[in-house]
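Within every chain, numbering begins at 1; the chains are lettered A, B, ... in the order of the sequence lines, protein sequences first and strands thereafter.
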Amino acid sequence: MALQSRHLLGLEGVNREEIALILDTAESFMEILQRPIPKVPTLRGKTVVNLFFENSTRTRISFELAEKRLTADTVNFSTSTSSVKKGETLKDTIRNIEAMNIDMVVVRHSAAGVPLFLTRCVDAAIINAGDGMHEHPTQALLDMMTIRRKAGDLQGLKVAIVGDIAHSRVAGSNIHGLLTMGAEVMLCGPKTLMPMHAERLGVRVSHRLEDALEWADYLNVLRIQLERQHKGLFPTIREYHREFGITLERLEQAKRDVVILHPGPINRGVELDSDVADSDFSVILDQVTNGVAVRMAVLYLLSGSDPALE
Amino acid sequence: MQTIDRLLICNAEIIDFAAGEQKKIDLVICGDRIDKVGQIDADAFSGLIFDASDHVIVPGLMDMHVHLREPGREDEETIESGCAAAMAGGFTTICAMPNTDPPCDSQEDVRFLKKRAESQLVDVLPIAAITKGRAGKEITEMADLLRAGAVAFSDDGSPVSNNSVMRRACEYASMYDAVIVDHCEDVDLAADGHMNEGEMSTRLGIAGIPNAAEAIQVYRDIELARLTGCRIHIAHISTRESVQAVRRAKQEGLPVTCEVTPHHLMFSDKALVVYDTNLKMNPPLRTEEDIAALEQGLKDGTIDVIASDHAPHSIEEKDVEFEAAPFGIIGLETLLGVVLKRIVERKVLTLQEALYRISTAPRKVLNLPVPQLRVGEAANLSVIHPTREWVVDVKKTRSRSRNTPYGGMTMLGQVAAVINKGLLWQP
Ligand SMILES: [Zn+2]
């Protein structure tokens with residue numbers, strides 16, 4: 001079996017079998033990552049460009065590592081889009097890529113839809129590493145892999161995503177992926193950070209953290225961009241922490257055991273307390289490890305390489 | 001385009017809006033006047049003969065919401081190319097919005113536009129700015145602008161956000177019984193939005209513009225119409241709440257009118273699923289519920305006019321990421337086709353009702369004389385084949401810009417001729 005699309009633009013529209021295939025493939029790469037020399041020649045001769053229009057050290061390093069483990073040739077292109085150059089940078093860069101012989105493009109951009117835009121411009125497989133507030137499919141895949149490793153199966157699990165849902169591409173991809181895999185999803189956060197008609201996506205919506213703690217098996221806690229407070233979307237950091245911050249006290253009071261995920265980097269003491277992040281509740285470091293395996297799986301499955309694994 | 005010496009149009013159906021009927025008739029035009037109406041013997045006629053069997057003749061079509069880019073962005077549209085697009089779309093009359101560079105806010109600007117359009121078949125009627133520089137602060141010299149030939153006032157592209165400035169503008173304009181055309185948008189609510197706020201913006205991860213951003217300013221304008229007695233025309237109405245507000249205002253007898261664009265009737269925000277920047281406009285494409293309300297508004301007369309909001313943009317500006325693209329699409333050449341396809345074929349309006357909203361109605365809104373198809377009157381008319389289909393070929397636009405979402409789509413109703421100022425244009 002193979003993926004239906006030659007790109008990974010998002011998890012909306014990716015079916016259950018395909019997500020399972022990516023996660024299963026990631027599991028086999030996990031084994032390779034445990035070896036003394038964690039490297040396979042799967043993508044030898046393939047050139048991957050990491051096109052980052054937005055700062056993201058973590059995601060870029062994770063992709064780079066995945067590419068190196070697969071022996072791909074890697075080109076890095078990083079730039080930040082200032083409002084003055086908006087539009088210009090993207091087209092110029094695309095023209096440059098067209099001139100090179102690139103097999104795959106990993107792209108991160110502050111504007112939704114840029115990965116799709118790229119598919120119309122270049123003849124390479126496009127992997128979305130985060131586009132605006134739209135999707136971040138590999139993050140959701142690594143979140144699901146982390147949950148699946150812990151729970152065995154995603155079917156019937158209850159996952160609450162907590163925080164700034166409206167501006168979160170991580171939430172976007174997790175919602176589609178989790179629902180497709182048979183999990184139930186609750187979105188929890190202040191109304192000012194909740195997108196309009198979120199419930200129409202097939203999820204529960206709550207504005208009380210207690211609801212999430214009472215209901216969920218897994219909490220995926222999103223990073224709060226501190227600039228949102230300056231835009232007046234919540235009154236103070238203090239109040240945010242008091243209403244929606246995950247504290248050890250709250251977790252210990254909760255009736256059920258929950259597992260904490262966080263896409264990082266954490267604002268310690270805002271959405272998540274340090275002692276929670278470093279506690280047994282947290283699987284945050286597993287997420288980082290699984291991220292490399294998931295990205296290897298995606299790169300491999302979209303590379304058009306021989307389907308037999310090393 | 002050719003000069004008319006003697007022209008006989010025979011076997012056409014003339015639409016009489018007042019009587020609500022069509023009648024078969026022949027028409028002789030000498031120079032710029034209608035010379036004869038009735039049964040004319042074609043064999044005995046010397047001059048150009050146009051057999052218009054199966055066609056309808058209406059008072060020249062008028063588009064009261066057009067953005068020409070001259071002066072300032074002649075690479076996107078000139079007065080000449082805009083007029084060519086207008087003729088191809090069946091129009092003899094267009095209103096030019098003032099958001100050029102510099103904006104049309106002085107007598108010289110109005111005169112420049114009129115002068116540049118003098119030799120065109122199409123009448124280009126300037127709409128001057130409400131405020132100097134379209135900055136929303138000080139009102140323009142309205143009396144002077146009207147004297148120079150402005151037919152209305154608008155800061156279109158931007159709203160007049162300051163309620164007090166808008167009140168003074170309305171009071172001042174009402175002294176001359178002039179119309180204020182308002183682009184209703186609460187700029188704080190619309191903020192960084194790029195599409196309608198709703199389920200689709202949530203799915204696509206694009207910041208949204210809520211219906212309330214438009215409706216709040218429509219409510220404001222209705223109250224200012226009540227306060228000042230000024231005639232206010234709401235441009236490109238897009239939400240169900242705005243339609244309902246205008247309906248109530250009309251029931252109360254307030255001097256409020258409004259227009260809808262073809263694209264707000266044709267597409268919902270669902271069409272944005274591929275992030276097509278040629279579907280990015282302001283106000284944004286709304287939902288199916290809004291479209292239903294707009295159709296109802298057309299049916300019951302709440303919506304007076306259909307206008308294109310023709311907004312040319314270069315390929316370079318539009319072929320970028322969705323959030324970086326400017327708002328607006330061209331629409332002069334497709335307005336009639338979309339209206340007949342979407343509104344007449346689906347029986348929202350009859351052919352006569354639809355044509356009324358793009359010929360007579362805009363003139364009534366702006367208090368302009370309606371061309372009469374009678375002997376001795378100036379010949380200002382459009383000849384249309386209402387049942388012939390055609391396919392939009394983007395490469396063949398007369399407009400200098402090609403930012404249209406209609407490429408490859410089938411339209412209904414072909415323009416056979418437009419006649420004005422003693423000139424005849426045929427495709
Ligand atoms: Zn406007």
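Evaluated for a side-chain contact (heavy atoms from CB on, under 4.5 Å) with B:R203, the options A:H134, A:H176, A:R200 yield exactly one hit, A:H176.
One distance of note links CD of B:E197 with NE2 of A:H197; it measures 8.5 Å at 0.5 Å rounding. The CZ atom of A:F117 sits 7.5 Å away from the OG1 atom of B:T277 when rounded to the nearest 0.5 Å.
Contact detail for B:G205 and A:A112: the closest heavy-atom pair is O-CB, 3.5 Å. The shortest heavy-atom contact between A:L116 and B:Y275 is CD2-CD1, 3.7 Å. Smallest separation of non-hydrogen atoms from A:A111 and B:E321: CB-CG, 3.8 Å.
Two residues are said to be in side-chain contact when any heavy atoms from C-beta on lie closer than 4.5 Å; B:V320 and A:L90 fail this criterion. You'll find the side chain of A:V114 stays beyond 4.5 Å of the side chain of B:F322, heavy atoms only. A heavy-atom distance below 4.5 Å is not found between the side chains of B:T202 and A:E199.
Proximity to chain A (any heavy atom under 4.5 Å) is shown, for B:A207, by both the backbone and the side chain.
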Task: A:K231 and B:D192: CA distance, side-chain angles, deciding distance, salt bridge (charged side-chain N to carboxylate O under 4.0 Å, His left out) verdict - done: CA-CA 12 Å; A:K231 285 197 165 175; B:D192 305 318; 3.7 Å; yes
Open item on the list: As a quick check of understanding, evaluate side-chain contact (heavy atoms from CB on, under 4.5 Å) for B:V274 and A:R120, giving each step before the final call.
Closed with: CA-CA 11 Å; B:V274 292; A:R120 299 191 203 117; 3.9 Å; yes
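Within 6.0 Å of CG on A:D123 lie no more than 12 heavy atoms contributed by other residues, nucleotides or ligands.
Of all residues spanning residues 189-196 of chain A, those with a heavy atom less than 4.5 Å away from chain B's heavy atoms are A:P195, A:M196, arranged by number.
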